[in-house]
**Q** 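So that we are looking at the same thing, I have put the structure below in C-alpha cells.
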Amino acid sequence: MIDLNLIRNQTEYVTAALARKGCVVCFDELLAKDVARRAKMAEVEGMKAKRNQVSASIPRIKKEGGDTAAVFAEMRALGDKIAELDREVADLQEQITSFVAGLPNLPDDDLLPGEKENNQVVKVYGEQPHFDFTIKNHVDLCVGLGLIDYERGVKLAGNGHWLYRGVGAQLEWALLNFFISEHLADGYEMILPPHMLGYNCGYGAGQFPKFSDEVYWIEDGAEDRKKGHFMLPTAETALVNMYAGEIVDEAKLPMKFFAYTPCYRKEAGTYRAEERGMIRGHQFNKIEMVQYAHPDHSREAFDELVAKACRLMEKLGLHFRLSKLAAGDCSASMARTYDIEVWIPSMGIYKEVSSVSNANDYQARRNNTKFRDSRTGKPAFLHTLNGSGLATSRVLPALIEQYQQADGSVVVPEVLRPFLGGLEIIK
RNA sequence: GGAAGCGUAUCGAAGUGGUCGCAACGAGCCGCACUCGAAAUGCGGUUGUCUGCAAAACAGGCACGUGGGUUCGAAUCCCACCGCUUCCGCCA
C-alpha cells in the first residue's frame, strides 16, 4: 500500500513512478475525496467533543436537581447528526482505502521503465555446457531414468501434475535438503507454516484483492472468501504476515526466515510447448527466504538475498544469469526485483528459478508490521524482502539437462551426493 | 462435536452505566534525587492511531478481542462473530 500522505504531498512524483511501472492513474478524484473526508472528520470530531463535554456535566446537573430533559433532547439530535456524518466519513474512507490498496508498489528510482524488453542482465555465471552428442530434453531424460511419472500424475490430478518417484523423488528431496542446510548455516530460522491461509494473508502480501482468482480456494463452507482459506501460492504469503499488527523490537532486525512449502497455483490458460514437463505446474516445491529489515538497511538485505540465491546455483555448478527487472516486470507488490534464470539446454533459453524482491514498506503498511525507531521513539513501518532459495521444479530440469551424458545418464552434482547416500550418477 | 469459563496497555490485574477513580493498583522499563558506586528508598515519566500543523509542542477524535445494537452517555447492558483455557467425546 502506498502512503496516502505521499500521494497527497508528492502527487506528481507518485504518478510518474507508477507510470514507469505501466500503471496510468489520475489522482484528482481520490484527492478530492480525501479533502472531503478530512473536512467532514473535523466537523464530526467537533460535535463529538461537545457531546463528551455535555455528557460529563450531566451527573452534576442531576446532583443539583436541574432539568435534564432539554439537554437530552438536544443531545439526541446531535447524536443522530454524528451518526450520519460518521457513516459518510466511513464511506469515503472505504472508497479511498480500496482505491489505494489496488495500486501497485512504487518502483525504486534506479529501475528502467517498461517491461521485459528492458530487463538488464547483471551477470552471467559459468558457461553454456557444451555437448558433443545430441542432447535430450528433461522430460525424455526423466521418463527414461524413471525419475518422474507424468502420466500417472495426470491420472491422479489432471493436466499440470506429475509425481516424482524413486531416485527422482530422492533427488528432489536432496535439493531441498541442500538448500535447507545452506540457509541454516547462514543463521536463518526455519519455518514450516500452514499451507492453507486466511484472506488477510493474501491481502497483506499484496496479492489480494487483485489476484485472488489465481489461487485455489478451499471449499470449507465459508460464504465469502474473506472468511475462507486458500492454498498458498508461495511461502512468502505466510512468512510476510507472521508479525502483522505487531511492533517488533528494533534490535531484533533484521529477522531472517526460510520456509519449505509446496506452492499451489492455478496457472490458468494453456501451456506453451516450451513449458512442458516441470517448467510450469499447479504444484511445485520451493524454499522461500524472507527478511524483515530496518528501512535504512533493506538494500543490504536485498543484496544478501541475491547473493545467497546465486551461491546456491553456483554450488550446484549450473550455468545461469542474474537479471535486474525493469519496473513494469516487477510484480505488483515489489519495488525492486532481480531474477535468477537458469540455462535450459533443450530450450536454448534461460528460465526463472528465483526471484528476489524488496517490497520496501508496501506489505508492512498493508498488514501493519512496525518496529520502534530508536531515533524517534515512535513506531515505523519496516521493510519486507523475499526471494526463492530456490524453486526445485525449475532447478531439477535444468540440472538433469546440464548434467546429462551421452548414454542418457545424469551426473549428480557433488554438493548433492551427501544427501543421496553418495550416489554419483543416475542411470 | 458437547459443556463451562475467559479476552482490559509491555506483563499481572481491578473496574459490571456517568461523580469519587476521565482504565485503579502492582511489576517491568526510562529519567531524576539520595550514594564514593550500587542496592534499597523517594519523586516523575512510560499504549496505539487519526485530524489540525512543514515539523515539534499542543489541542481534539477514536480504540478495553472484532463488528453491530440499546442510551443523552458503554470497558460495563444486549446480539453476532473471532480467539484462548479447562473438562467430556472423537481421532492420526
Side-chain angles (χ1 to χ4, degrees), chain A residues 1-13 30-98 100-101 192 194-204 218 220-229 241-253 361 364-382:
Chain A
M1 185 120 75
I2 301 174
D3 184 4
L4 181 59
N5 276 306
L6 191 70
I7 296 174
R8 197 188 289 154
N9 299 327
Q10 297 185 49
T11 314
E12 285 177 20
Y13 169 77
L30 179 82
L31 291 173
K33 282 179 182 169
D34 179 50
V35 168
R37 177 187 64 100
R38 283 181 292 147
K40 277 189 198 296
M41 203 178 252
E43 193 184 348
V44 73
E45 285 184 3
M47 291 179 183
K48 285 179 179 173
K50 178 167 187 208
R51 179 174 67 184
N52 288 342
Q53 277 175 13
V54 173
S55 290
S57 69
I58 284 176
R60 187 167 42 80
I61 295 172
K62 278 187 173 172
K63 214 175 218 171
E64 292 165 357
D67 182 19
T68 53
V71 180
F72 282 0
E74 192 193 333
M75 286 300 106
R76 175 184 274 278
L78 185 65
D80 290 345
K81 186 77 182 150
I82 287 172
E84 189 190 323
L85 277 173
D86 267 346
R87 272 193 297 276
E88 290 175 23
V89 171
D91 184 48
L92 282 168
Q93 180 69 67
E94 160 63 25
Q95 291 179 43
I96 291 167
T97 304
S98 66
V100 177
L192 290 175
H195 295 185
M196 293 183 285
L197 303 175
Y199 183 90
N200 57 312
C201 290
Y203 181 83
I218 305 297
D220 60 358
E223 68 272 27
D224 119 59
R225 281 183 177 173
K226 294 197 170 153
K227 292 177 183 166
H229 293 85
N241 283 291
M242 280 171 61
Y243 290 87
E246 297 187 36
I247 300 171
V248 308
D249 189 354
E250 187 180 33
K252 291 210 174 98
L253 299 178
D361 64 2
R365 275 181 191 283
R366 287 180 159 255
N367 64 19
N368 195 23
T369 309
K370 299 186 170 183
F371 71 101
R372 193 170 293 281
D373 190 332
S374 57
R375 286 170 305 197
T376 61
K378 304 264 186 229
F381 293 110
L382 45 70

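Per chain, numbering begins at 1; letters A, B, ... match sequence-line order.
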**Q** Rounding to a whole Å, what distance do you find between A:Asn5:CG and B:A55:C1'?
**A**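 In whole Å, B:A55 C1' lies 13 Å from A:Asn5 CG.
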**Q** Using the P atom as the point on both nucleotides, what is the distance between B:C62 and B:A23, in whole Å?
**A**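 Looking at atom P only, B:A23 and B:C62 are 13 Å apart.
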**Q** Let me know, please, whether A:Met75 or A:Val44 comes out on the 5' side of the other along RNA chain B by nearest nucleotide.
**A**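 Of the two residues, A:Val44 wins.
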**Q** Within the 4.0 Å heavy-atom criterion, would you say A:Ala49 contacts the bases, only the backbone, or no part of the nucleic acid?
**A**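 Counting heavy atoms under 4.0 Å across all strands, the contact made by A:Ala49 is with sugar-phosphate only.
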**Q** Answer with base, sugar-phosphate or nothing: what part of the nucleic acid does A:Arg8 contact at a heavy-atom distance below 4.0 Å?
**A**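 Here A:Arg8 touches the backbone only, sparing every base.
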**Q** Of the options A:Arg37, A:Lys40, A:Gln93, which is the one that meets A:Glu88 in a side-chain hydrogen bond (donor to acceptor under 3.5 Å, both in side chains)?
**A**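 One option only clears the test, and that one is A:Lys40.
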**Q** For the side chain of A:Asn9 and the backbone of A:Asn5, is there at least one donor-acceptor N/O pair under 3.5 Å apart?
**A**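 A pair under 3.5 Å: yes.
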**Q** Could you give the CD-to-C1' distance, from A:Glu246 to B:U10, as a whole number of Å?
**A**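 Those two atoms, CD and C1', are 13 Å apart.
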**Q** A:Arg76 side chain N/O closer than 4.0 Å to the phosphate oxygens (OP1, OP2) of B:C72?
**A**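 For B:C72, OP1/OP2 do have a side-chain N/O of A:Arg76 under 4.0 Å.
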**Q** If the threshold is 4.0 Å, N to carboxylate O, is there a salt bridge linking A:Arg38 and A:Asp34?
**A**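 Between A:Asp34 and A:Arg38 there is a salt bridge, with a charged N closer than 4.0 Å to a carboxylate O.
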**Q** Considering only atom P, compute the distance from B:G15 to B:G7 and round it to an integer number of Å.
**A**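 These two P atoms come out 11 Å apart once rounded.
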**Q** To the nearest 0.5 Å, what is the distance between CG (A:Asn241) and OG1 (A:Thr369)?
**A**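 The CG atom of A:Asn241 sits 7.0 Å away from the OG1 atom of A:Thr369.
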**Q** How far does the C1' atom of B:C84 sit from the matching atom of B:A27, given to the nearest Å?
**A**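 Each nucleotide's C1' atom is 24 Å from the other's.
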**Q** In chain order, what residues pass the ring-ring contact (aromatic ring centres under 6.0 Å, His included) check against A:Tyr243, with sequence neighbours excluded?
**A**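 A:Tyr243 satisfies ring-ring contact (aromatic ring centres under 6.0 Å, His included) with A:Tyr292 only.
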**Q** Please measure how far the P atom in B:G2 lies from the corresponding atom in B:C81, and state the result in whole Å.
**A**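 Roughly 12 Å separates the two P atoms.
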**Q** Rounding to an integer number of angstrom, what distance separates B:C64 and B:C77 when you compare their C1' atoms?
**A**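 Here B:C64 and B:C77 have their C1' atoms 16 Å from each other.
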**Q** With a 4.0 Å cut-off on heavy atoms, is A:Asn52 in touch with a base, just the backbone sugar-phosphate, or nothing at all?
**A**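 Here A:Asn52 touches the backbone only, sparing every base.
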**Q** Using modelled atom types and a 3.5 Å cut-off, is there a donor and acceptor pairing between side-chain atoms of A:Arg51 and backbone atoms of A:Met75?
**A**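 A pair under 3.5 Å: no.
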**Q** Quick one: list whatever passes ring-ring contact (aromatic ring centres under 6.0 Å, His included) with A:Phe381, sequence neighbours left out.
**A**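 Scan of A:Phe381 (ring-ring contact (aromatic ring centres under 6.0 Å, His included), adjacent residues dropped) gives none.
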**Q** Mind listing the N/O atom pairs, protein and nucleotides 46-50 of chain B, below 3.5 Å?
**A**
| unit_1 | atom_1 | unit_2 | atom_2 | d |
| --- | --- | --- | --- | --- |
| B:G48 | OP1 | A:Arg372 | NH1 | 2.8 |
| B:G48 | OP1 | A:Arg372 | NH2 | 3.3 |
| B:U49 | OP1 | A:Lys370 | NZ | 2.6 |

**Q** Could you name each residue pair satisfying salt bridge (Lys or Arg N to Asp or Glu O under 4.0 Å) that touches residues 70-82 of chain A, not counting sequence neighbours?
**A**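 Checked against salt bridge (Lys or Arg N to Asp or Glu O under 4.0 Å) - neighbours excluded - the pairs reaching residues 70-82 of chain A are A:Lys50-A:Glu74.
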**Q** What interatomic distance, in whole Å, is found between P of B:U66 and the corresponding atom of B:A55?
**A**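 Roughly 29 Å separates the two P atoms.
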**Q** Return the value, rounded to whole Å, for the distance between atom NZ of A:Lys48 and atom P of B:A74.
**A**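 In whole Å, B:A74 P and A:Lys48 NZ are 11 Å from each other.
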**Q** B:C72 C1' sits how many Å from A:Asp80 CG, rounded?
**A**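 A:Asp80 atom CG is separated from B:C72 atom C1' by 11 Å.
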**Q** When you compare the protein's N or O atoms with those of nucleotides 15-18 of chain B, which come within less than 3.5 Å of each other, and at what distance?
**A**
| unit_1 | atom_1 | unit_2 | atom_2 | d |
| --- | --- | --- | --- | --- |
| B:G18 | O6 | A:Lys62 | NZ | 2.8 |
| B:G18 | N2 | A:Ser55 | O | 3.4 |

**Q** Using atom C1' of each nucleotide, how far apart are B:A80 and B:C30 to the nearest Å?
**A**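 After rounding to an integer number of Å, I get 43 Å for this pair.
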**Q** Taking C-beta and beyond as the side chain, do A:Lys370 and A:Glu246 meet within less than 4.5 Å on heavy atoms?
**A**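 A:Lys370 vs A:Glu246: side chains apart.
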**Q** Round to a whole Å and report the spacing from CD of A:Glu74 to P of B:G73.
**A**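 Spelled out: CD on A:Glu74 to P on B:G73 is 13 Å.
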**Q** If you measure from the Lys or Arg side-chain nitrogens to the Asp or Glu carboxylate oxygens, is any gap between A:Lys48 and A:Asp86 under 4.0 Å?
**A**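 Counted as a salt bridge, because a side-chain N and a carboxylate O are separated by less than 4.0 Å.
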**Q** Using the closest heavy atom to pick a nucleotide of RNA chain B for each, name whichever of A:Arg87 or A:Lys50 lands nearer the 5' end.
**A**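 Checking each residue's closest nucleotide, the 5'-ward one belongs to A:Lys50.
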**Q** Whenever both distances are under 3.5 Å in a Watson-Crick or G-U wobble pair, mark it; put RNA chain B into dot-bracket that way, with [ ] for crossing pairs and | when the partner is on another strand.
**A** ((((((((.[[[..)..(......]]]((((((.......))))))((((((.....)))))).[[[[[..)....]]]]])))))))....
**Q** From the set B:U51, B:G61, B:G73, return the single nucleotide nearest to any side-chain atom of A:Arg51.
**A**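 So the nucleotide nearest the side chain must be B:G73.
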**Q** Where do A:Leu382 and A:Phe371 come nearest, in terms of heavy atoms and distance?
**A**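 Smallest interatomic distance, heavy atoms only, reads CB-CD2, 3.7 Å.
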**Q** Within this structure, what is the CZ-to-C1' distance between A:Arg38 and B:U51, rounded to whole angstrom?
**A**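 From A:Arg38 CZ to B:U51 C1': 9 Å.
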**Q** Taking atom CE as the centre, does A:Met196 end up with more than 12 heavy-atom neighbours from other residues, nucleotides or ligands that are less than 6.0 angstrom away?
**A**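 No.
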**Q** Between B:G1 and B:G89, how far is it from one C1' atom to the other, in whole Å?
**A**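 That atom pair is separated by 7 Å.
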**Q** Taking CD from A:Glu250 and C1' from B:C29, how many angstroms apart are they, rounded to a whole number?
**A**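 Spelled out: CD on A:Glu250 to C1' on B:C29 is 17 Å.
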**Q** Starting at atom NZ of A:Lys227, determine the distance to atom P of B:C81, rounded to an integer number of angstrom.
**A**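 That distance rounds to 9 Å.
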**Q** Apply side-chain contact (heavy atoms from CB on, under 4.5 Å) to A:Lys378 and A:Arg372, showing your working.
**A** CA-CA 6 Å; A:Lys378 304 264 186 229; A:Arg372 193 170 293 281; 5.7 Å; no
